[in-house]
Asker: 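Dropping the structure in here first, questions after.
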Amino acid sequence: GQVGIYNSTGDNGIGTINNFPMNFFTNNSAPQMTITAAGNVGVGIATPTAKMEILSTTNPVLRISNGGGLTPNPKIELFRQSGVSGSVEYVAANKALVLNNDSSLGGINFKLAGTEKMRLDSSGKLLIGTQTAETTQVSISGQQHLLSLSRGGASDTKWFFSADAAKLYLAEGTQATADQKVIFDSNGSVGIGANPTAKLTLFNDEADTSINVNTGTGGSYPKKTGI
């Protein structure tokens, strides 16, 4: 290959003058950086297939630093045009990571293996498992467990909200249908311990089914049994 150096008024440069890449070396090493004839830049790789490609088997890190101060904020911007861009920014003073879409018409989508799993739409609604916004701020769609609640301890009880086409379930354990505690159907009926067959259905196979009402007098509990 051939390398050319040129200068003219307001324009100076160094580069190849034929269809070969330009390599940069240190300490008589293999190329540390390469600019291909197509304009791709490779750091640690001589055959980059993207506009910028970095290869390292020991420390593959791309770092943008502000030098350790509270300002300015390190930032990566993905730009189409003014007002239509996105960015990833670290707000140094607040130690906050900010993912931003500058367009008020777009959202922020999260994908796994090319399939969307979650999105934050332009109105601020969070959609999980669905791309259709409801009137609520959070919409969840899926099979089995839709929402789980737990303190996080290994022995703590885990509570699950799940749903099918006609019912909402509150269950305890590890399976949505294993230990259903409360069931709400589309008619507004409630079942405790069983599927509702009336507006309120109670079932307990270990003891008498009963309703206790605390009067608040410190020990008086009127009780109705045999329901």
Side-chain angles (χ1 to χ4, degrees), residues 1 3-4 6 10-26 29-143 145-148:
V3 175
Y6 71 92
D11 188 14
N12 302 283
I14 180 172
T16 62
I17 56 176
N18 48 25
N19 192 26
F20 289 96
M22 184 170 185
N23 297 312
F24 297 84
F25 304 86
T26 60
S29 65
Q32 302 284 22
M33 185 173 73
T34 298
I35 303 176
T36 69
N40 294 341
V41 178
V43 178
I45 181 171
T47 56
T49 57
K51 280 301 178 184
M52 169 68 78
E53 185 171 352
I54 300 173
L55 174 65
S56 173
T57 59
T58 57
N59 190 33
V61 174
L62 175 63
R63 177 176 294 172
I64 301 175
S65 174
N66 73 347
L70 297 180
T71 59
N73 297 328
K75 184 177 182 179
I76 298 175
E77 187 174 55
L78 308 174
F79 187 83
R80 173 186 166 187
Q81 64 189 47
S82 179
V84 187
S85 63
S87 62
V88 180
E89 180 177 6
Y90 186 75
V91 182
N94 298 332
K95 301 179 178 64
L97 182 66
V98 178
L99 182 62
N100 180 57
N101 185 343
D102 286 331
S103 173
S104 61
L105 302 178
I108 298 175
N109 300 357
F110 300 83
K111 292 186 176 182
L112 182 63
T115 301
E116 183 178 313
K117 302 298 183 180
M118 181 173 70
R119 73 167 56 182
L120 186 64
D121 74 7
S122 58
S123 66
K125 294 178 179 179
L126 179 64
L127 314 179
I128 302 174
T130 179
Q131 298 178 14
T132 304
E134 304 291 345
T135 57
T136 56
Q137 285 301 110
V138 179
S139 299
I140 304 174
S141 177
Q143 301 294 323
H145 308 323
L146 298 180
L147 178 66
S148 64

Asker: My understanding is that only one of Thr130, Leu126, Ile128 makes a side chain to side chain contact (heavy atoms under 4.5 Å, CB included) with Ile140; could you say which?
Answerer: Ile128
Asker: Checking the side chain of Ser29 only, and the main-chain atoms of Thr26 only, is there a donor and an acceptor separated by less than 3.5 Å?
Answerer: yes
Asker: Find the distance between CD (Gln131) and CE (Met118) and round it off to the nearest 0.5 Å.
Answerer: 13.5 Å
Asker: Would you name the heavy atoms of Ser122 and Ser104 that are closest together and state the gap between them?
Answerer: CB-O, 3.2 Å
Asker: Where do Gly42 and Pro48 come nearest, in terms of heavy atoms and distance?
Answerer: N-CG, 3.5 Å
Asker: Just grab all the salt bridge (charged side-chain N to carboxylate O under 4.0 Å, His left out) pairs involving residues 115-127, residues at least two apart or on different chains.
Answerer: Glu116-Arg119
Asker: Could you pull out every donor-acceptor pair under 3.5 Å between side chains of residues 77-100 and any protein atom, sequence neighbours left out?
Answerer:
residue : atom : partner : partner atom : Å
Ser85   : OG   : Asp102  : OD2          : 2.6
Glu89   : OE2  : Asn73   : ND2          : 3.0
Asn100  : ND2  : Asp102  : OD1          : 2.5

Asker: Mind checking salt bridge (charged side-chain N to carboxylate O under 4.0 Å, His left out) for Glu134 and listing every partner two or more places apart, or none if nothing turns up?
Answerer: none
Asker: Do Tyr6 and Asp11 come close enough that some side-chain heavy atom pair is under 4.5 Å?
Answerer: yes
Asker: Give a yes or no answer on whether the side chain of Thr34 reaches the backbone of Thr36 with a donor-acceptor pair at less than 3.5 Å.
Answerer: no
Asker: To check you understand the geometry: which heavy-atom pair defines the closest contact between Ile45 and Glu53, and what is its length?
Answerer: CD1-OE2, 3.4 Å
Asker: Could you state the interatomic distance from CG (Leu62) to CD1 (Ile54), rounded to the nearest 0.5 Å?
Answerer: 4.5 Å
Asker: What heavy-atom pair brings Ala37 and Asn19 nearest, and what distance separates the two atoms?
Answerer: CB-OD1, 3.0 Å
Asker: Please tell me if the side chains of Val3 and Ile14 come closer than 4.5 Å, counting only heavy atoms from C-beta onward.
Answerer: yes
Asker: May I ask you to test the Phe25-Pro31 pair for a side-chain heavy-atom distance under 4.5 Å?
Answerer: yes
